[in-house]
Protein chains: 2
Amino acid sequence: MRPPRGYRSEIDIKLSPDPAGPYAGAMPTIYEVASLAGVSPATVSRVINGLPVSGAYAERVRAAATKLNFTPNPTARRLRRRSSQVLALIIPTIENPFFTSLARGVEDVAQGAGYSLVLCDSDERHDKESTYLDVALAEHMAGVVLVPATNHPRLARLLERRTPVVSVDRSIRGTEVDSVLLDNREVARSATERLYARGFRRVGCITGPRETETAQQRADGWREVFSRHHPRTDPERYLRHADFRVAGGRDAMASLLTTRRRPDAVVVTNNSMTVGALETLQRERISPAEMGLACLGDLPYSVLQRAGVEVLPLPARSLGAAAARLLLDRIGGAEGPAQRIVLPIGGGPAIPDR
Amino acid sequence: MRPPRGYRSEIDIKLSPDPAGPYAGAMPTIYEVASLAGVSPATVSRVINGLPVSGAYAERVRAAATKLNFTPNPTARRLRRRSSQVLALIIPTIENPFFTSLARGVEDVAQGAGYSLVLCDSDERHDKESTYLDVALAEHMAGVVLVPATNHPRLARLLERRTPVVSVDRSIRGTEVDSVLLDNREVARSATERLYARGFRRVGCITGPRETETAQQRADGWREVFSRHHPRTDPERYLRHADFRVAGGRDAMASLLTTRRRPDAVVVTNNSMTVGALETLQRERISPAEMGLACLGDLPYSVLQRAGVEVLPLPARSLGAAAARLLLDRIGGAEGPAQRIVLPIGGGPAIPDR
DNA sequence: ATGAAAGCGCTAACAT
DNA sequence: ATGTTAGCGCTTTCAT
C-alpha cells in the first residue's frame, strides 16, 4: 500500500478539493476520486472505462469525479496501455490549400470518432518525415495518415509495431499499406480535353518533378490527349517538369513561351504552379485568349474567372476523410490485404471541398 | 528489485537485441541499455539527460543505446517529469493562409529549440478552443500559443498550473498573458490613405465582426482617415461588418454597391473577405478603375496586380516567431509582468513572410 | 462485482 | 560518480 499524494483514508473528513492547497494546479487522480467515493482506485478506473460496475458504485464514482473535476491523465493511460487516442497526419506543406483541405477532411472524421489529430509538416523532406514517423512511434499514436514526401518513407518500425498507416494522394512503392488516391491521369486528360474543346490548337503541360508519381500520372493523361491531336509531334517538347511550387510554374511557363511553335494553352498540374504560370503571363502581358490555362486543383484565394482559367477542383477534403475512415477501420482491427481506393474526380464528393 | 521486461542480469550472455523476439516491435528501455552497458538504469538516465557521468561509462552507455536503437519513451518521461517538450498552437482556422504562415513562424522557432508543435484548429469556436486548452493541460504541454477565438478564453486552469500562454494577433481581456499584436489601426490607416492618394474620392470599409478587436481597430484606422476627408459624413454609412470570410465579403460589397452615393473604393480588412468582394465586383462587371480595393494581408494564391488591388502584407510569420520566442522565454523561467509586443508593419520583418 | 497490487518506462531523491 | 528505490497515474491480472 503506497500513500499517494492526496490520498485520503475513509476516516479523513476534510474532503473538499482545497483549490488553493500546496499543490495548486495539480490535477486530481483516481485515488482522490476513489477515496471521496469510498471505493478502490480500480473501481474508479472501471467506471471511467465503462466496465461492469454496480449501479450504486458507478453513481458515487461519477459524482465524486464531477465534484473534483477529474479528467483521466492521458499520459499515464498511454504509458500503461501503450496506445493513445491520437492520430498523426503528415503533409508535405501546410501552406498549400490542397493539403489544408485534406487536413480538414481527416480532422472531421478523427474528431467524430473521438480521436485528436496532430498535424506535422514534412516540408517535402525525407528527413523531417522520418523524424515525425519516429515521433508517432514514440508517442504511441494510434495511427498515421501520410502524404509521403518520397516513395519510400521509413515505415518499417511503425509497421513492425502494427501501427496502422494510410497513405494519401501519393502511393508508396512496395510496402503494403492502405492508400487513397486520385485518378490523376483521368483528371489531366479531362483538363486537356477541355482546352482543346474550347478551341485551343496546341496544349502544353507543366507538371511536377520527374520522380513524383502524381506528376508522372498527370503528365501521362495530358500526353495521351496531346498525342491524339498531334500524332507526329514529340510531346516532350511541350512538357515541362517543375517542382510543384510557384517559382517553378513561373519558370516553366517562361520556358514554354520560348518554344518554337509555342503552345497556345497549357495544363498546369497543381495550384501553386498555376499561380506562377499566371504571373509570367501577366508580366508578358499575354491575354487569356492568346494562352489558355487549365489548373488541376482549387485556387481558393484566387479570383480567376476573369482570367478564363479552367479550374478542375480536386476532392481534397474527401481524400482526407476517406483516408481517416480507412485508418480508423484498421485501428478498429479490420484485417485483410492493403486497400487501394481511387476517388472519383468529376462525380462530386459527398462532402463539398469548400 | 523488479524484473522488467527484457531485463538481463550481468551473467546473461545473450545480449543481442533479438529483432524477431516474442515482443517484436517493442521499444528497448533504459533497463536493456543498462544491462548491455553493464551499468544501472540511473546511469543511463543520467547520460541521456547530460548529467555528470564518468567518460568511460558514458561511452559504454552511448554505444549500447546506439546498438539497441534506443529512444527514451516520451510518455514515461512526461509522466515522471510532469512536463513535455511539446507546444500547442491554437488557430481559428487552418484554411486561412494568414494563420498557416503564422504557424510556420511558430514552428520554425519551436523546432529550432527542440520542441515539437501540435497544431489545433478551433474553428473560431469557443467550445473547441476550450477543449484544446484542456488537452494542453492534460497532456502537460510546455506552453500554448493561442490566437483566441473569443476575448475570454478559458485559461484559468492552465495558468493555475503555471503553464505559459502567449496570445497572438488578438489580445485577451483581463488575463495577464503575454501577447504579440499588429498595429491594426495603423495598417488600416495606411491602406485607406493609399487609396485616396491614388485618386479615389470616397473610400468605404468592410471589416470583421463588431465584437472582434482586430475588426474594430482596423475600422478605427479607416474611420480616422475617412473622417478627415469627409468631415460632414457619417462614416458608419460606408462601413460594413462581415465575418472575416469569403461569403461575408461578397455580401458586404454587394451592400456597399447599393449605398446612395456609393464609395468608389473599399478597404477590406482581411484576405478572405477581399476574395469575396472581388467576386462581387466581377459578377457586377465593375472594373478596378470604377472601384478601387485595398486588402489587409497577403493573398498568396492570387494574382491580383492586374486587378489593381492594393495589397498590404502583414507579417504573419514574424508574428508566430515572436510569439514562440516569448513563450520559450517564459518556459525557460523568465519572470516579470505580461509583455505586449506590437510588431511594425511596414518595416519589413527579418524573416520574410513567403 | 470489487479490491490489492504489480508494473508501463522513466527520473530524482537518497544512500553509498 | 554510481546504484537503489520509490513513485508519476493509470490499467489489469489475480484473488476474493
Side-chain angles (χ1 to χ4, degrees), chain A residues 1-7 9-10 23 25-35 37-61 65 68-85 137-140 161, chain B residues 1-7 9-10 23 25-35 37-61 65 68-85 137-140 161:
Chain A
M1 176 58 149
R2 62 171 174 181
R5 168 182 66 75
Y7 194 90
S9 73
E10 276 91 335
Y23 283 92
M27 312 275 292
T29 73
I30 50 169
Y31 286 90
E32 285 147 77
V33 176
S35 65
V39 301
S40 78
T43 301
V44 176
S45 172
R46 289 187 184 109
V47 173
I48 305 168
N49 292 290
L51 296 174
V53 167
S54 84
Y57 272 31
E59 208 34 69
R60 274 161 58 194
V61 168
L68 295 179
N69 221 315
F70 170 81
T71 321
N73 180 324
T75 304
R77 200 173 238 191
R78 191 178 312 167
L79 179 61
R80 182 57 233 229
R81 295 213 268 221
R82 302 155 149 280
S83 80
S84 71
Q85 292 271 95
L137 186 77
E139 296 277 3
H140 287 286
R161 251 246 306 272
Chain B
M1 176 59 151
R2 62 171 175 182
R5 168 182 65 75
Y7 193 89
S9 74
E10 275 92 334
Y23 283 92
M27 311 276 292
T29 73
I30 50 170
Y31 287 90
E32 285 149 76
V33 177
S35 65
V39 301
S40 78
T43 300
V44 176
S45 172
R46 289 186 186 109
V47 172
I48 304 169
N49 293 290
L51 297 174
V53 167
S54 85
Y57 272 33
E59 208 35 69
R60 273 160 59 193
V61 168
L68 295 179
N69 222 315
F70 170 81
T71 320
N73 180 323
T75 305
R77 198 174 240 189
R78 190 178 311 169
L79 180 60
R80 182 57 231 231
R81 297 215 273 224
R82 302 156 149 281
S83 79
S84 70
Q85 291 274 94
L137 185 77
E139 296 277 2
H140 288 287
R161 250 241 311 267

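Here is how names work: the chains are called A, B, and so on, in the same order as the sequence lines, proteins then strands, and each is numbered from 1. Everything numeric here is computed off the predicted structure, so don't read it as measured data.
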Side-chain donor or acceptor of A:Glu32 paired with backbone N/O of A:Thr29 under 3.5 Å: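 Flag set: sc A:Glu32 to bb A:Thr29 pair under 3.5 Å.
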
Do B:Arg46 and D:dG3 have a side chain to base donor-acceptor pair shorter than 3.5 Å?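 Donor-acceptor pair under 3.5 Å: yes.
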
Does B:Tyr31 make a side-chain donor-acceptor contact with the base of C:dC8, cut-off 3.5 Å?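 Side chain to base: no pair below 3.5 Å.
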
Between [X] ([atom1]) and [N] ([atom2]), how many Å, whole number?
X	N	atom1	atom2	answer
B:Gln85	C:dT11	CD	P	12 Å
A:Asn49	D:dT12	CG	P	7 Å
B:Ile48	C:dA12	CD1	P	11 Å
A:Leu79	D:dG7	CG	C1'	12 Å
A:Ile30	C:dG3	CD1	P	12 Å
B:Arg60	D:dG3	CZ	C1'	14 Å
B:Phe70	C:dG9	CZ	P	10 Å
A:Arg82	D:dC10	CZ	C1'	14 Å

Hey, what bend do you get for the helix from C:dA1-D:dT16 to C:dT16-D:dA1 if you fit axes on five pairs at each end, rounded to 10°?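 Answer for the end axes of this duplex: 40°.
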
[N] OP1/OP2 closer than 4.0 Å to side-chain N/O of [X]:
X	N	result
A:Ser54	C:dA1	no
A:Arg77	D:dT11	yes
A:Asn73	D:dC8	no
B:Ser40	D:dG3	yes
B:Arg78	D:dG9	no
B:Thr43	D:dG3	yes

Please identify which of these residues, A:Arg81, A:Arg77, A:Arg78, meets the side-chain contact (heavy atoms from CB on, under 4.5 Å) condition with B:Thr75.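 One option only clears the test, and that one is A:Arg78.
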
Shortest non-hydrogen contact from A:Ala34 toward A:Pro41: CB-N, 3.6 Å

To the nearest 0.5 Å, what is the distance between [atom1] ([X]) and [atom2] ([Y])?
X	Y	atom1	atom2	value
B:Arg82	B:Leu79	CZ	CG	8.5 Å
A:Arg60	A:Ser54	CZ	OG	8.5 Å
A:Arg161	A:Ser83	CZ	OG	9.5 Å
A:Ser45	A:Arg80	OG	CZ	9.5 Å

Which nucleotide in the list D:dA1, C:dG3, D:dC8 gets nearest to the side chain of B:Pro52?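 Taking heavy atoms from C-beta onward, the closest nucleotide is D:dA1.
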
Check every atom of D:dT2, D:dG9, D:dG7 against the side chain of B:Arg80 and return the nucleotide holding the closest atom. D:dG7

Most 5' of B:Ala42 and A:Arg81 on DNA chain D, judged by nearest nucleotide: B:Ala42

Close side-chain approach of B:Val39 to B:Val61, heavy-atom, < 4.5 Å: yes

